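Quick notes on the structure that follows.
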Amino acid sequence: MKKIMFNDRYGLTQAVLDGRKTITRRIINGDYENVTAYNANLCWHFIADTKDGDSIELKPAYEIGEEVAIAQSYKTIYDTLEEKYGNRKANEWWVELYDRIGSGLLGPGYKNKMFVRAEFMPHRIRITDIRAERLQDISDEDCMNEGIEKIDCVAPYAFHVGNGKQKSYRTPKYAFSSLIDKVSRRGTWERNPWVFAYKFELKKSIKL
């Protein structure tokens with residue numbers, strides 16, 4: 001099973017777990033003139049036209065119908081188990097983890113979710129649709145589905161920036177353009193790259 005990472009600093013992992021984020025855009029590497037899609041054998045294929053006049057097939061990281069583990073650090077999972085069920089339940093999970101991989105909370109996945117094993121992740125998503133589009137083609141509805149929140153404020157569209165704080169904007173697109181620049185580096189929105197837009201649904205928790 002594959003895993004997928006969402007940004008914790010800006011509250012995107014929690015937005016997925018809360019059901020507020022149901023789509024994610026992942027940048028397609030390369031500078032292409034156009035990307036088109038066609039369906040063959042019940043599977044979507046994406047063809048990119050290069051500036052040299054060539055065409056290449058792009059392969060998305062995930063496929064429609066695929067279940068993907070949401071990456072969380074082992075410490076995050078342990079702390080959640082301890083908070084919900086107590087120290088005994090959390091320690092049982094830790095022992096199982098150690099028996100299976102020989103490191104558990106002492107290994108590199110303790111705080112860094114890049115190194116965790118997918119099979120130990122308690123939450124899954126299922127990919128329900130994939131599109132290829134320019135980043136700036138995002139709709140206001142999709143901005144909200146990317147985890148932007150509606151709040152009671154003069155600038156009512158916001159996202160988390162850490163320490164319980166939010167940054168707010170007057171439109172969903174302004175909020176999302178700022179968010180994507182923080183997550184993917186400054187200038188990403190202005191560059192307007194091609195992206196794969198993965199729509200997904202949250203599956204029932206396995207352990208928590």
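All of these numbers come straight from a predicted model, not from anything done at the bench.
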(request) Answer yes or no: is there a side-chain heavy-atom contact under 4.5 Å between F200 and V16? (result) yes
(message) Taking the side chain as everything from C-beta on, heavy atoms only, tell me whether V154 gets closer than 4.5 Å to R170.
(response) yes
(request) Please work out which of the three classes, parallel, tilted or perpendicular, describes the rings of Y78 and W93, given edges at 30° and 60°. (result) tilted
(request) Specify the closest pair of heavy atoms between A155 and S168, including all atoms of both residues, with the distance to one decimal. (result) O-CB, 3.0 Å
(message) For the CZ atom of R126 and the CD atom of E201, what is their distance to the nearest 0.5 Å?
(response) 4.0 Å
(request) Go through the steps to decide whether K173 and I138 satisfy the test side-chain contact (heavy atoms from CB on, under 4.5 Å), and finish with yes or no. (result) CA-CA 8 Å; K173 277 195 177 181; I138 188 172; 4.3 Å; yes
(message) Between T24 (side chain only) and Y198 (backbone N and O only), is there a donor and an acceptor less than 3.5 Å apart?
(response) no
(request) Could you tell me which non-hydrogen atom of I28 sits nearest to which non-hydrogen atom of L58, and how far apart they are? (result) CG2-CD1, 3.8 Å
(message) Please check: side-chain N/O of Y169 versus main-chain N/O of S178, any donor-acceptor pairing under 3.5 Å?
(response) no
Please list, one pair per line, the donor and acceptor atoms closer than 3.5 Å that link side chains of residues 47-54 to other protein atoms, with sequence neighbours excluded.
{"residue": "D49", "atom": "OD1", "partner": "S55", "partner atom": "OG", "Å": "2.9"}
{"residue": "T50", "atom": "OG1", "partner": "D52", "partner atom": "N", "Å": "3.4"}
{"residue": "T50", "atom": "OG1", "partner": "D54", "partner atom": "N", "Å": "3.1"}
{"residue": "T50", "atom": "OG1", "partner": "D54", "partner atom": "O", "Å": "3.3"}
{"residue": "K51", "atom": "NZ", "partner": "D31", "partner atom": "OD2", "Å": "2.7"}

(request) Report yes if some heavy atom in the side chain of Y85 is under 4.5 Å from a heavy atom in the side chain of E92; otherwise report no. (result) no
(message) Hydrophobic cluster membership, with links at side-chain heavy-atom distances under 4.5 Å among I/L/V/M/F/W/Y: are F120 and I4 in one?
(response) no
(request) Could you tell me whether the side chain of F196 reaches within less than 4.5 Å of the side chain of F46, counting heavy atoms only? (result) yes
(message) Can you tell me how far apart CZ (F159) and CG (L179) are? Round to the nearest 0.5 Å.
(response) 5.0 Å
(message) Show the nearest heavy-atom pair for residues A71 and M5, with the distance to one decimal.
(response) CB-CG, 3.6 Å
(request) Could you grab the distance from atom CG of D79 to atom OH of Y74, nearest 0.5 Å is fine? (result) 15.0 Å
(request) Output the distance between atom CD1 (I127) and atom CD (E63), rounded to the nearest 0.5 Å. (result) 10.0 Å
(message) Taking E146 first and then K21, would you say they form a salt bridge - that is, a charged N and a carboxylate O separated by under 4.0 Å?
(response) yes
(request) Indicate yes or no: at least one non-hydrogen side-chain atom of T22 is less than 4.5 angstrom from one of K199. (result) no
(request) Using the side-chain hydrogen bond (donor to acceptor under 3.5 Å, both in side chains) rule, pick out the option among Q14, R9, E149 that qualifies with H160. (result) E149
(request) Start with the C-alpha gap between I27 and R185, add the side-chain angles, then the distance that decides, and say whether side-chain contact (heavy atoms from CB on, under 4.5 Å) holds. (result) CA-CA 12 Å; I27 295 171; R185 79 178 52 177; over 6 Å; no
(request) Check whether any side-chain heavy atom of K150 sits under 4.5 Å from a side-chain heavy atom of Y157, and report yes or no. (result) yes
(request) Work out which heavy atom in A15 is nearest to a heavy atom in G147; give both atom names and the distance. (result) CB-CA, 4.4 Å
(message) For K2 versus A61, what's the shortest heavy-atom pair and its separation?
(response) NZ-O, 2.6 Å
(request) Assess whether atom CD of E57 is packed by more than 12 heavy atoms of other residues, nucleotides or ligands within 6.0 Å. (result) yes
(request) Examine L12 and I151 and state if one hydrophobic cluster contains both, with Ile, Leu, Val, Met, Phe, Trp and Tyr joined whenever side-chain heavy atoms are less than 4.5 Å apart. (result) no
(message) One thing to verify: whether R131 and D137 come together as a salt bridge, which I'm taking to mean a side-chain N less than 4.0 angstrom from a carboxylate O.
(response) no
(message) Quick check: do F6 and I125 have side-chain heavy atoms less than 4.5 Å from each other?
(response) yes
(message) As an exercise, state the distance from OG of S184 to CG of L135, rounded to the nearest 0.5 Å.
(response) 8.0 Å
(message) I need the I148 CD1 to R20 CZ distance, nearest 0.5 Å.
(response) 9.5 Å
(request) Check whether more than 12 heavy atoms from other residues, nucleotides or ligands sit under 6.0 Å from atom OH of Y32, and answer yes or no. (result) yes
(message) Can you tell me which residue among D8, I70, T76, I77 is in a side chain to side chain contact (heavy atoms under 4.5 Å, CB included) with K113?
(response) D8
(request) Evaluate the side-chain contact (heavy atoms from CB on, under 4.5 Å) criterion for residues R25 and E133: first the C-alpha distance (whole Å), next the side-chain angles of each, then the deciding distance (0.1 Å), finally the verdict. (result) CA-CA 9 Å; R25 280 161 171 76; E133 62 186 27; 2.7 Å; yes
(message) With a 4.5 Å cut-off on side-chain heavy atoms, are W194 and V35 touching?
(response) yes
(request) Mind running side-chain contact (heavy atoms from CB on, under 4.5 Å) on K182 and N7 for me, showing each step along the way? (result) CA-CA 10 Å; K182 292 181 182 300; N7 190 285; over 6 Å; no
(message) Tell me if a side-chain donor or acceptor on D181 pairs with a main-chain N or O of W189 at a distance below 3.5 Å.
(response) yes
(request) State whether the side chain of R124 and the backbone N or O of M121 hold a donor-acceptor pair below 3.5 Å, judged by distance alone. (result) yes
(request) Of all the heavy-atom pairs spanning P108 and F115, show the shortest one and how long it is. (result) O-CD1, 3.8 Å
(message) Please say yes or no: joined through hydrophobic side-chain contacts below 4.5 Å, possibly via intermediate residues, are M144 and I23 part of one cluster?
(response) no
(message) Determine whether a donor-acceptor pair (N or O, by modelled atom type, separation under 3.5 Å) exists between the side chain of K3 and the backbone of M114.
(response) yes
